[in-house]
> 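What follows is a structure written as structure tokens; I'll ask about it next.
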Amino acid sequence: MVGTELEDRAVAAYLGLAIGDALGATVEFMTPREIRAEYGVHDIIRGGGWLKLRSGEVTDDTTMALALGQSILEQGRVDALAAARAFDGWMRSKPVDIGNTVRRGILRFRQTGEACTPPSEHDAGNGACMRVLPVALATFYHDRAMVRDAVLAQARVTHNHPLSDAGTLCVVDMVQAFLAGHSRVEVLHDQVHRLIEQYPPFRFRGGKPRENPTGYIVDTLQTVFQCFFDTDSFTDCLVETVNRGGDADTTGAIAGMLAGACFGLQAIPPAWIKALSPPVREACEAQARALVGLDG
Ligand code: MN
Ligand code: MN
């Protein structure tokens, strides 16, 4: 693996996460019909949305990932307690948005000091998955058992549910396969089909295109998989994803990390990179490089 190509894909994945988040936040909780009426096709980073963001600003999906990435760099590895402290500090910084399961998990950590929340049937949201990219980058050189431990350590600070675990691990496996230069066809047959064999609810073909995806990890990943595997470029994948509305900042963020890792930096429209708030863009680029350099 040429170091520069790995770094290039890592940076693209991190910028993809932030771009998908920023693009999707404008239309979060809107229906496709409402999006069409307001914007035609929404494909410009313009801020607004229910959070009234400034253009180029991102939401919890990106800022939680940055908090997690920072904790990994400080520790030199993925550590559940350090991740919990990072999320706690992140919540104290008054983020623009925060999911219910994430809030509950962090409050529980404050009360108990335990960085692993007990299993709960309510924890099948997409909050552990949306922020997981730094773990994928930091554990690229590790064997799969260690990757799995690291993924679950960060996930279970707030989410402890088999579907959240499986979906989050699958996204990490996919990102790492793209970092290693695998094709989309290979990733579909290896990582995605393995997930669906074990957890059939994630099947994403044979039904209608998913619209208005909720924060349920199954809805989220079905939408992301449909948009990612049924388009052929970074741009088309993200535009298709966010225009389906619903939890669009999070589907956008996950689609963005996959499409960035898959298609690389040169596939990302320069206008979208330029539209990101400079501190966010710089933090994503710097973390991506540092995280893949951890064990290289
Ligand atoms: Mn968000
Ligand atoms: Mn969201």
Side-chain angles (χ1 to χ4, degrees), residues 13-14 16-17 20-21 60-69 71-72 78-80 83-84 86-87 99-102 104-106 115-140 142 144-179 187 190-204 213-225 228 247 249-261 291:
Y14 226 132
L17 157 70
D21 183 7
D60 55 349
D61 309 69
T62 306
T63 55
M64 280 199 98
L66 288 169
L68 174 62
S71 88
I72 296 171
V78 180
D79 177 77
F87 296 151
N100 291 330
T101 308
V102 168
R104 193 172 28 143
I106 295 171
C116 181
T117 194
S120 164
E121 59 178 311
H122 304 297
D123 288 4
N126 55 25
C129 187
M130 72 183 189
R131 66 182 185 229
V132 78
L133 178 64
V135 177
L137 304 184
T139 63
F140 176 68
H142 294 192
R144 191 153 187 286
M146 285 181 73
V147 173
R148 185 172 189 282
D149 287 349
V151 168
L152 297 188
Q154 87 77 21
R156 289 183 179 171
V157 174
T158 53
H159 292 62
N160 193 344
H161 188 286
L163 292 173
S164 165
D165 290 350
T168 303
L169 188 58
C170 178
V171 166
V172 167
D173 287 339
M174 293 172 75
V175 168
Q176 292 189 336
F178 289 130
L179 294 180
V187 167
D190 298 339
Q191 284 73 23
V192 177
H193 285 175
R194 183 167 63 194
L195 172 71
I196 293 170
E197 267 168 32
Q198 281 190 297
Y199 296 95
F202 285 105
R203 251 175 61 87
F204 65 98
T214 68
Y216 177 43
I217 187 68
V218 173
D219 276 11
T220 300
L221 288 188
Q222 284 177 330
T223 305
V224 168
F225 291 160
F228 177 63
D247 195 359
D249 60 325
T250 303
T251 53
I254 298 170
M257 58 178 113
L258 293 173
L291 287 164

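Nothing fancy with the numbering, it's 1 onward along the sequence.
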> How about D21 and T63: do any of their side-chain heavy atoms sit closer than 4.5 Å?
no
> Among D219, D61, T168, D247, whose side-chain hydrogen bond (donor to acceptor under 3.5 Å, both in side chains) with N126 holds?
D247
> Does Q191 offer a backbone N or O that forms a donor-acceptor pair with the side chain of D173 under 3.5 Å?
no
> Minimum heavy-atom separation for C129 to I254, with atom names?
SG-CD1, 3.8 Å
> Under the side chain to side chain contact (heavy atoms under 4.5 Å, CB included) rule, what do D249 and M130 come out as? Steps first, then yes or no, please.
CA-CA 10 Å; D249 60 325; M130 72 183 189; over 6 Å; no
> Which heavy atom in G125 sits nearest to a heavy atom in I217, and how many Å separate them?
O-CB, 3.8 Å
> Testing the basics here: between V192 and C170, what is the closest heavy-atom pair and its distance to 0.1 Å?
CA-SG, 4.3 Å
> Rounded to the nearest 0.5 Å, how far does NE2 of H122 lie from CG of N160?
13.0 Å
> Decide yes or no for Q222 and Y216: does some side-chain heavy atom of the first lie under 4.5 Å from some side-chain heavy atom of the second?
no
> Taking salt bridge (charged side-chain N to carboxylate O under 4.0 Å, His left out) as the definition, give me every residue that meets it alongside R203, ordered by chain and number, with sequence neighbours left out.
none
> Closest heavy-atom contact between G69 and P134?
CA-CB, 3.6 Å
> Would you check if P162 and Y199 make a side-chain contact, meaning some heavy-atom pair closer than 4.5 Å?
yes
> Could you check whether any side-chain heavy atom of T139 comes within less than 4.5 Å of a side-chain heavy atom of M146, counting everything from C-beta outward?
no
> Under the side-chain contact (heavy atoms from CB on, under 4.5 Å) rule, collect the residues that match up with L152, sequence neighbours excluded.
R148, R156, D165
> About how many Å separate CG of L221 and CZ of F204, when rounded to the nearest 0.5 Å?
10.5 Å
> Just checking N100: does its CG atom have more than 12 heavy atoms from other residues, nucleotides or ligands closer to it than 6.0 angstrom?
no
> Quick one: do F87 and V102 satisfy side chain to side chain contact (heavy atoms under 4.5 Å, CB included)? Show the steps, please.
CA-CA 9 Å; F87 296 151; V102 168; over 6 Å; no
> Which pair of non-hydrogen atoms, one from L163 and one from F202, has the smallest distance, and what is that distance?
O-CZ, 3.5 Å
> What are the two closest heavy atoms between L68 and R131, and how far apart are they?
CD2-O, 3.4 Å
> Under a 4.5 Å cut-off applied to non-hydrogen side-chain atoms, are L133 and Y14 in contact?
yes
> Could you grab the distance from atom CG of L17 to atom CG of L258, nearest 0.5 Å is fine?
10.5 Å
> Do V224 and M257 make a side-chain contact, defined as non-hydrogen atoms from C-beta onward lying under 4.5 Å apart?
no
> Looking at CG of D149 and CG of L169, how far apart are the two atoms once the value is rounded to the nearest 0.5 Å?
10.0 Å
> Quick one: does F225's side chain get under 4.5 Å of L195's, heavy atoms only?
yes
> For residues V175 and F140, determine if any side-chain heavy atom of one lies less than 4.5 Å from a side-chain heavy atom of the other.
no
> Considering residues at least two apart in sequence or located in another chain, which fulfil the side-chain contact (heavy atoms from CB on, under 4.5 Å) criterion with T101?
R104, D123, H159
